[in-house]
Peer 1: 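Have a look at this one before I ask anything.
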Amino acid sequence: LLSLFFICFIFSGLLNAQEIQCKNIANYQMNLKLDTKNKGITGEETLTWINDSDVDIVELYFHLYYNAFKNNKSTFMQELQKMGRFRRLPRNEEEYGYCDVQSISILPDGYFEETDLTPTIEFVQPDDNNPYDQTVMKVTLPKPLPPGDTIKVYIKFYSKVPRTIARSGYYRDYYFIAQWFPKIGVFWEGKWNCHQYHATSEFFSDFGTYDVNITVPKDFKIGATGIKRKETPNVDGTITYNFYQENVHGFVWTASPDYIQMVEKFSEPPLREVDITLLIMPEHKKQAERYFKATKAALKYYGSWYGEYPYSHITVVDPAFRSGAGGMEYPTLFTGGTSWLTAKKVQRPEGVTVHECGHQFWYHLVANNEFEDAWLDEGFNTYSTAKCLDAAYGDNFYMRRYFQIPYVFDEVNINQWAGMIGGYLPNTNLDVITKKAWEFQNSSSYGINSYSKPAMMLRTLENFLGEEIFARIIKTYSLRWRYKHPRPQAFINVVNEITGKDISWFFDQFLNTAYVLDYAVGRVSSKPISEKQGIFDKNGEKVFLKGIKEDTTGKEKIYETDVIIQRKGEIKIPVEIVITFDNGEKEKRVWDGQYRWTRYTFRKPAKWRTVQVDPEHKLVIDINYTNNSRVNDKWRTPAVKWATRWLFWFQHLLETFTFFS
């Protein structure tokens, strides 16, 4: 009955997903022309923007992301250098990039007269007051824009395309163009939310309709957000493509003469059919089916778990070698990444394909503020990626490359969750999850607190609440907040609603502290129950006893087993304990985990064999599994024997690889 309810819930969620309405607040019509000689884009855009707030608007704020690549004094560039992530500065003028707003004006629409806003342009730095940073621009309106009213703004701009940085730019004749145009900020929670471009921040914008004409050389193949509606050859040897898409919060495009275009269809009733377009480099053509299969797996599992993908198409881009454009998500389009030589038993390119396709459901559809709550996207998607890869592919083996040739270790199966804990361990106490993207101590801390730690937190919560309850929670949250820019409290409220309990204690620890979770087995002993010796009261008299056993049967020896379980970390959560005895008997307990330790005592005709804390590894964010179990010495010998053999074999393997390298 419970399983039937679960299936019905999922199916009803799929139907509800189609009823969700999106507010198209920021709508763009653009005309663009790519200049391959000078690596530039000549552009004009007409922005139709709706004041969806309840206050008058007197200024408009715009992102000019490309200005982060204008010089080495921008906030983005300075942060990269401080973090040591910068491999090199641009070597010449051609490799720098910028977005130059040549003019901006209001188009007449009844409420506003035609007005030139260019003289009011001002660069502002709301995050750090860096006078060299020009990634945020504001203009002042001639009069306030009332709530519910619309303004049309016409902008002429020129974007100098940089040598690829932050996964946008050119490499030789390959172009991947993202976040290059003047993009209005989000008026959110009573004010403009328009942060500068930071080295560890991604993006936040309103949904809208994009109608974009792109002119490129005629031998270039092109992909972009949306549907290609038409293509028009021009007399100058170029061709103009028109792409159109509603209900998206950004637009990206790519062009190269080397792309091979392939198309397949995703069909998995009752989910919506989706046309998949793959733009792949010739040297990776043999891996096309792996790209398609991974994309279909993401659309299937994410769609079933979180609500169907609502668009009829998706574009997968295999970026050019050394282009630096791989592994990124955009509305209805994402970039993967692979190598010339790959191995069948390793989830590459499957892992990055599932992850970036999966962002369509979190980054794009739920669309939280990635500047301020990066974990709501990256953490949820990292959790979802691991679940999807487990469901679709299962085993994932360890691989190393020798002379660029992949070698797979069939004996080493990489668990999705265990892989995350490795990066988390060295950075457990640097920051809390809830900091803004650019406020973390370093890029490692940003990565851990935005990706793996929240993913492990969600997996731990799933194990704690139960798979079916958590499935209801995450799907309800996904559908309820689709197109609505949620904050973390929105998810917490759904958890409390579905469970009927206040689970805030869980999130307070994981989100607002840098505490770690570490439960361990402490001292364990089994001793024969001692004989009675001394003066005891019996029938009102004092009796001296010597050598009298407590075991009144006298048939078997009774042992008292004493087990100490410790909480070595600061995070407190209920934890399961299993004690196994020599006779095969098991005792199971659930400790609330609140105090620093607890004790369990048993009297049985057998000694303890093993003690396990969290035996099913439900608490995947536990920082030290090696202290989660203990084995009585006499049962440890076989394990030591096999471990010694394995280490002996592994040592010889390393020596062999060292010799050949």
Peer 1: Which of these, Ile503, Leu458, Leu465, Leu461, sits in a side chain to side chain contact (heavy atoms under 4.5 Å, CB included) with Ile473?
Peer 2: Leu465
Peer 1: Would a line drawn from the ring center of His198 to the ring center of Phe371 be shorter than 6.0 Å?
Peer 2: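 Ring-ring flag for His198/Phe371: false, centres at least 6.0 Å apart.
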Peer 1: Before giving the answer on ring-ring contact (aromatic ring centres under 6.0 Å, His included), spell out for Tyr625 and His617 the whole-Å C-alpha distance, their side-chain angles and the decisive distance to 0.1 Å.
Peer 2: CA-CA 9 Å; Tyr625 274 144; His617 285 187; 3.9 Å; yes
Peer 1: Would you say that Ile571 contacts Phe510 through its side chain, given a criterion of any heavy-atom pair below 4.5 Å between the two side chains?
Peer 2: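 SC-SC contact between Ile571 and Phe510 confirmed.
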Peer 1: Test your reading of the model: is there a side-chain donor-acceptor pair from Thr335 to the backbone of Ala325, 3.5 Å cut-off?
Peer 2: yes
Peer 1: Working note: Trp597 + Ile565, criterion side-chain contact (heavy atoms from CB on, under 4.5 Å); need CA distance, chi angles, decisive distance, verdict.
Peer 2: CA-CA 5 Å; Trp597 61 275; Ile565 307 298; over 6 Å; no
Peer 1: Within this structure, what is the CD1-OG1 distance for the pair Ile448 and Thr428, rounded to the nearest 0.5 Å?
Peer 2: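 One finds 9.5 Å between CD1 of Ile448 and OG1 of Thr428.
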Peer 1: Give, for atom SG of Cys357 and atom NE2 of His364, the distance between the pair rounded to the nearest 0.5 Å.
Peer 2: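 Answer for the SG-NE2 pair, Cys357 versus His364, is 11.5 Å.
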Peer 1: For residues 384-393, run the donor-acceptor check on the side chains, cut-off 3.5 Å, and write out each pair with its distance to 0.1 Å, sequence neighbours left out.
Peer 2:
residue	atom	partner	partner atom	Å
Ser384	OG	Tyr306	OH	2.9
Ser384	OG	Trp362	NE1	3.2
Ser384	OG	Phe380	O	2.7
Thr385	OG1	Tyr302	OH	3.2
Thr385	OG1	His355	ND1	3.0
Thr385	OG1	Asn381	O	2.7
Lys387	NZ	Glu462	OE2	2.7
Tyr393	OH	Ala294	N	3.4

Peer 1: Parallel under 30°, tilted from 30 to 60°, perpendicular over 60°: which one fits the rings of Trp417 and Tyr383?
Peer 2: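 Rings of Trp417 and Tyr383: tilted, as their planes differ by 30° to 60°.
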Peer 1: Mark yes when over 12 heavy atoms from residues, nucleotides or ligands other than Tyr595 sit less than 6.0 Å from its OH; otherwise mark no.
Peer 2: no
Peer 1: Could you list the residues that satisfy side chain to side chain contact (heavy atoms under 4.5 Å, CB included) with Thr338, not counting sequence neighbours?
Peer 2: His284, Gln287, Tyr291, Asp318, Thr342, Pro349
Peer 1: Strictly by modelled atom types, are Glu497 and Asn493 linked by a side-chain donor-acceptor pair under 3.5 Å?
Peer 2: no
Peer 1: Around atom NZ of Lys604, are there more than 12 heavy atoms from other residues, nucleotides or ligands closer than 6.0 Å?
Peer 2: yes
Peer 1: Taking only Lys NZ, Arg NE, NH1 and NH2, and the carboxylate oxygens of Asp or Glu, determine whether Asp518 and Arg567 approach each other closer than 4.0 Å.
Peer 2: no
Peer 1: Nearest 0.5 Å, please: how far is OH in Tyr330 from CD in Gln360?
Peer 2: 11.5 Å
Peer 1: Just so I know, are the side chains of Thr561 and Lys527 near enough to count as touching, which here means a heavy-atom distance under 4.5 Å?
Peer 2: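 Of all side-chain heavy-atom pairs linking Lys527 with Thr561, none is under 4.5 Å.
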Peer 1: Does a side-chain heavy-atom distance below 4.5 Å link Ile579 with Lys586?
Peer 2: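 No, every pair of side-chain atoms sits at 4.5 Å or beyond.
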Peer 1: May I ask you to check whether Asn449 and Ser445 show a side-chain donor-acceptor distance below 3.5 Å?
Peer 2: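 Asn449 vs Ser445: donor-acceptor pair found between side chains.
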Peer 1: Evaluate Asn628 against Val521 for side-chain contact (heavy atoms from CB on, under 4.5 Å), listing each step before the verdict.
Peer 2: CA-CA 6 Å; Asn628 280 36; Val521 179; 5.8 Å; no
Peer 1: If you count the non-hydrogen atoms of other residues, nucleotides and ligands that lie under 6.0 Å from CZ in Arg487, is the total more than 12?
Peer 2: yes
Peer 1: Kindly say whether Gln347 contributes a backbone atom to a donor-acceptor pair with the side chain of Asn396 at under 3.5 angstrom?
Peer 2: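 Yes, Asn396 side chain to Gln347 backbone: donor-acceptor pair under 3.5 Å.
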Peer 1: Distance from Trp375 atom CH2 to Thr434 atom OG1, nearest 0.5 Å?
Peer 2: 9.5 Å
Peer 1: Let's go through Trp591 and Tyr519 carefully: what are the C-alpha distance in whole Å and the side-chain angles of both, what is the deciding distance for ring-ring contact (aromatic ring centres under 6.0 Å, His included) to 0.1 Å, and is it a yes or a no?
Peer 2: CA-CA 11 Å; Trp591 177 36; Tyr519 286 103; 5.6 Å; yes
Peer 1: Using the ring of Phe266 (Phe, Tyr or Trp, six-membered ring only), decide whether Lys296 places NZ or CZ under 6.0 Å from its centre and within 45 degrees of its axis.
Peer 2: no
Peer 1: Could you check whether Phe470 and Phe464 have their ring centres less than 6.0 Å apart?
Peer 2: no
Peer 1: Test side chain to side chain donor-acceptor pair (under 3.5 Å) on Gln509 and Tyr515; report intermediate values, then the result.
Peer 2: CA-CA 7 Å; Gln509 296 180 92; Tyr515 295 160; over 6 Å; no
